[in-house]
Amino acid sequence: MSTNVMRTTAGWWVVRDERAVRIETRAVTTADLLADRGAVREAATSAERGTPVADLVALPPVTTPCRVVAQMVNYHSHAKDSGFTGNIPPTFFRKASGSVSGPHEEIVRPSHVKFLDYEVELGLVMGAPLPVGTVVEERDLPRYVAGLVLTNDVSARDVQLTKTQFYESKSYPTFTPTGPYLALLEPEDFAFLLNLRLRLSVNGAPRQDRTLADMIVRPAQALTLLARFQTLDPGDLLLTGTPGGTALKAPPKPVEKIAALLPPAMKWKAFFNSQAKNPRYLRNGDLITATIATPDGRIDLGDQRTSVTGTP
């Protein structure tokens, strides 16, 4: 069974049901903690009564800088929403490590961003170095992946589309809410990955709901493709794509063909005028809730609750 770990300003904790046991470790980073698995196991098997998790949630979370890499259009449902047909080439992009924030912190919308979108994603946390040239088979996943986290790849669509700039549009501070738990997996847990169900709601209204079975490029293949050009180290984070249901959707094909005939400035003006009528984009005060878990609870990454606010 997986072991859920969380970190606050009061230290690292193993979470069991509604209580948490402190991990006696000097680990500062996620990589440090992964190297001290003995301390994690000791806390997980401790008979100590523990601290109520509700008390820890109120403490400020601590995030660790790391490489953040993400996959683009990696669910069949998202590809359909985005207007893709046929084979979709696997594509990766980077996010700034400074975009990582806690699971209950506010998402801060920059003042110039009008079309703010959500993307619930499963994050893979590396447990061992992945050198360039590595080929990862399904059976190798436990060797390289230490655990899983719940993430939200928040996106400024007006920046992303007009500049074709993924790095900027997805890297503002607070644009990668992560947690609450790092689920450290046992080798046998990997057989249940496709059962993981990703859900996201805005103000209680369901927006995204799919399992990993909808994924186009699955984790082992994704790591192999990434290792063609990118090294990953313990503690680094790979976001594995989002299912359909985001606010942004491709326009109908006839509209798209007509728009292609317009000058760029006129095309974007028409597109964003139509997007302004879309009520699914995030607004200040919206509450986003997200979960990732298997139906039987064998792997449960916890509940993420983040609200949207404007730039102070």
Side-chain angles (χ1 to χ4, degrees), residues 1-30 32-34 36-37 39-64 100-108 118 120-123 125 146-152 154 173-186 189 196-209 237 282 285-309:
M1 293 288 289
S2 61
T3 301
N4 281 352
V5 173
M6 67 183 298
R7 188 184 184 194
T8 71
T9 49
W12 296 90
W13 308 80
V14 166
V15 177
R16 299 183 304 182
D17 298 322
E18 299 300 320
R19 306 192 77 83
V21 177
R22 185 191 295 274
I23 303 172
E24 297 301 330
T25 179
R26 296 183 178 180
V28 175
T29 67
T30 303
D32 294 338
L33 182 71
L34 296 176
D36 196 6
R37 289 291 287 267
V40 176
R41 293 190 182 96
E42 185 175 344
T45 57
S46 171
E48 180 185 339
R49 180 174 172 80
T51 301
V53 172
D55 292 349
L56 297 181
V57 169
L59 295 174
V62 177
T63 55
T64 303
V100 177
S101 56
H104 306 298
E105 292 185 62
E106 291 183 327
I107 297 169
V108 181
Y118 49 84
V120 62
E121 305 205 11
L122 176 69
V125 177
L148 311 174
V149 290
L150 165 61
T151 68
N152 184 358
V154 179
T174 72
F175 270 32
T176 314
T178 301
Y181 302 141
L182 165 60
L184 299 178
L185 303 185
E186 298 299 331
D189 293 325
L196 285 167
R197 187 173 184 179
L198 291 73
R199 295 179 175 178
L200 181 143
S201 299
V202 178
N203 300 326
R207 297 287 181 87
Q208 295 182 279
D209 188 349
L237 178 61
L282 296 171
D286 282 348
L287 176 64
I288 305 162
T289 56
T291 61
I292 300 179
T294 57
D296 60 1
R298 182 187 184 101
I299 305 173
D300 188 341
L301 306 186
D303 299 337
Q304 189 176 107
R305 296 172 61 86
T306 51
S307 57
V308 180
T309 186

Next on the checklist: Tell me whether Gln304 contacts the main-chain N or O of Gly179 through its side chain, where contact means a donor paired with an acceptor under 3.5 Å.
Outcome noted: yes
Next on the checklist: Closer than 3.5 angstrom, by distance alone: can the side chain of Asp189 be matched with the main-chain N or O of Ile299 as a donor-acceptor pair?
Outcome noted: no
Checklist entry - Is a side-chain donor or acceptor of Ser101 paired with a backbone partner of Phe175 at a separation under 3.5 angstrom? => result no
Checklist entry - To the nearest 0.5 Å, what is the distance between CD (Glu18) and OG1 (Thr51)? => result 13.5 Å
Checklist entry - If only atom types and distance count, is the side chain of Trp12 paired as donor or acceptor with the main-chain N or O of Leu33 below 3.5 Å? => result no
Checklist outcome for this item: CZ (Arg37) and OG1 (Thr25) are apart, to the nearest 0.5 Å, by 12.0 Å
Checklist entry - Quick check: does any side chain N or O of Ser201 sit under 3.5 Å from a backbone N or O of Thr289, one acting as donor and the other as acceptor? => result no
Item to check | Rounded distance [0.5 Å steps], CD1 in Ile107 versus OG1 in Thr309 | outcome: 10.5 Å
Item to check | Backbone of Pro295 reached by a side-chain donor or acceptor of Arg197 within 3.5 Å | outcome: no
Checklist entry - Taking the side chain from Arg7 and the backbone from Val28, do they hold a donor-acceptor pair closer than 3.5 Å? => result yes
Checklist entry - Between atom OH of Tyr118 and atom CG of Asp286, what is the distance when rounded to the nearest 0.5 Å? => result 10.0 Å
Item to check | Qualifying residue for side-chain contact (heavy atoms from CB on, under 4.5 Å) with Leu184, from Leu34, Asn4, Val14 | outcome: Leu34
Checklist outcome for this item: To the nearest 0.5 Å, atom CG of Leu198 lies from atom CG of Leu150 at 8.0 Å
Item to check | Side-chain donor or acceptor of Thr178 paired with backbone N/O of Val100 under 3.5 Å | outcome: no
Checklist entry - Got a donor-acceptor contact below 3.5 angstrom from the Asn152 side chain to the Thr176 backbone? => result no
